[in-house]
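Below is one structure, written out as structure tokens, with a few remarks after it.
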There are 2 protein chains.
Amino acid sequence: MQKNLEQILNTILHSSEILEEKMKQDSDLKDLTSRQLYCIELINKMENPSLTELADGMSIAKASISVMIDRLEKKKLIYKVTSDNDRRTAHVHLTEIGMKAASIHTDLHKRISELLTKDMTESEKEILIVLLNKSVKSLIKNKMQISN
Amino acid sequence: MQKNLEQILNTILHSSEILEEKMKQDSDLKDLTSRQLYCIELINKMENPSLTELADGMSIAKASISVMIDRLEKKKLIYKVTSDNDRRTAHVHLTEIGMKAASIHTDLHKRISELLTKDMTESEKEILIVLLNKSVKSLIKNKMQISN
DNA sequence: AAAAATAATTAGATATATCTAACTAAATTA
DNA sequence: TAATTTAGTTAGATATATCTAATTATTTTT
């Protein structure tokens, strides 16, 4: 009952999804949609972007991001700060709750990592990490050619 | 620049998401929502469930699944077959296009697996698979206790 | 300073995802 | 057979995610 790599990936990715859903349910973030969560993660990554930058980042119209940000503001996940340089521009910041939401993915990866190496010896862990580093290198190297 | 397991997971999961999005865009399935894709995957896994079973599987109301299935039918992704035993019951089947949609995840895992082992020797591959099998066992074993 | 460009908002449209409640048709039970 | 239960649909409500077009406030260019 040895699994091949595809089946292993399947199990890991599927478990990740389930665990992520559980973490969301267990937190006070139950009613965040996937788009909203994505938006929050992007705000985190982009470090307080303007609405226009965010809209570009999410590939949606400025009007759409404006509405979305309104809703996230009502839910106390973000707040807007008007720029001093250009008073037309607003920058989006995460609140405490927003930051918690943004860290869901990171936390998830941490927990999965722990689970994956739970029953391993130190040397097994080391070998696994060396090999996976190699894997990830191939993955990144080939990313560009993936699209076809 | 050796990455730890958490960073590796991060890269793999992130690449998976991007690749999945690309595969969706490149197919004729651009306008499928994530809920619709999830629904189709579930239909595939459950093997022609009734609407009630599907609704339970997705944890939504029967009325909601009815509407959703209507839309998927209009898009030619599924079709309904009235049961001979019980003529109140309809079973949902995937069309050719529906099956294509359902296999997006599987295809994705196959491609990622290929990429991950692209630059490895056979023996490296073997070791990786043995170790990851161990990982997956821990993962499954601990799944129950994850929720807290 | 007047004209043009830019950032964000608002209005109005369409599609989706949900819900509860009411309804129809069919099957089961008493 | 009459009453009850069950499967699915329909109607009507609310929330989200999008869009384009029009509007407002500011900034930049001429």
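We name chains A, B, ... by the order of the sequence lines, and we start the count at 1 in each one.
Between A:Q36 and D:dA15 there is no side-chain polar atom (N or O) within less than 4.0 angstrom of OP1 or OP2. At D:dA7, none of the side-chain N or O atoms of B:S50 fall inside 4.0 Å of OP1 or OP2 (strictly under the cut-off). The side chain of B:T52 places no N or O atom within less than 4.0 Å of a non-bridging phosphate oxygen (OP1 or OP2) of D:dT6. Contact annotation: B:R87 does not reach the phosphate of D:dG8 (side-chain N/O to OP1 or OP2, under 4.0 Å).
Heavy-atom neighbours of B:K30 NZ from other residues, nucleotides or ligands within 6.0 Å: above the threshold of 12. Crowding of B:K137 atom NZ: a count of heavy atoms from other residues, nucleotides or ligands under 6.0 Å not exceeding 12.
Listed by residue number, the members of residues 59-84 of chain B with any heavy atom below 4.0 angstrom from DNA chain D are B:K62, B:A63, B:S66, B:K80.
The interatomic distance linking B:L54 (CG) with C:dA17 (P) rounds to 13 Å, in whole Å. The distance between atom CG of B:L32 and atom P of C:dT16, rounded to the nearest whole Å, is 10 Å. The nearest whole Å value for the distance from the CZ atom in A:R88 to the P atom in D:dT28 is 6 Å.
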B:T82/B:T89 under side chain to side chain contact (heavy atoms under 4.5 Å, CB included): CA gap, chis, key distance, verdict: CA-CA 6 Å; B:T82 303; B:T89 302; over 6 Å; no
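Taking a cutoff of 4.0 Å between a charged side-chain nitrogen and a carboxylate oxygen, B:D119 and A:K141 qualify as a salt bridge.
A:L32 and A:K24 get closest at one heavy-atom pair: O-NZ, 3.2 Å.
Under the side-chain contact (heavy atoms from CB on, under 4.5 Å) criterion, B:R71 pairs with B:Q36, B:V67, not counting sequence neighbours.
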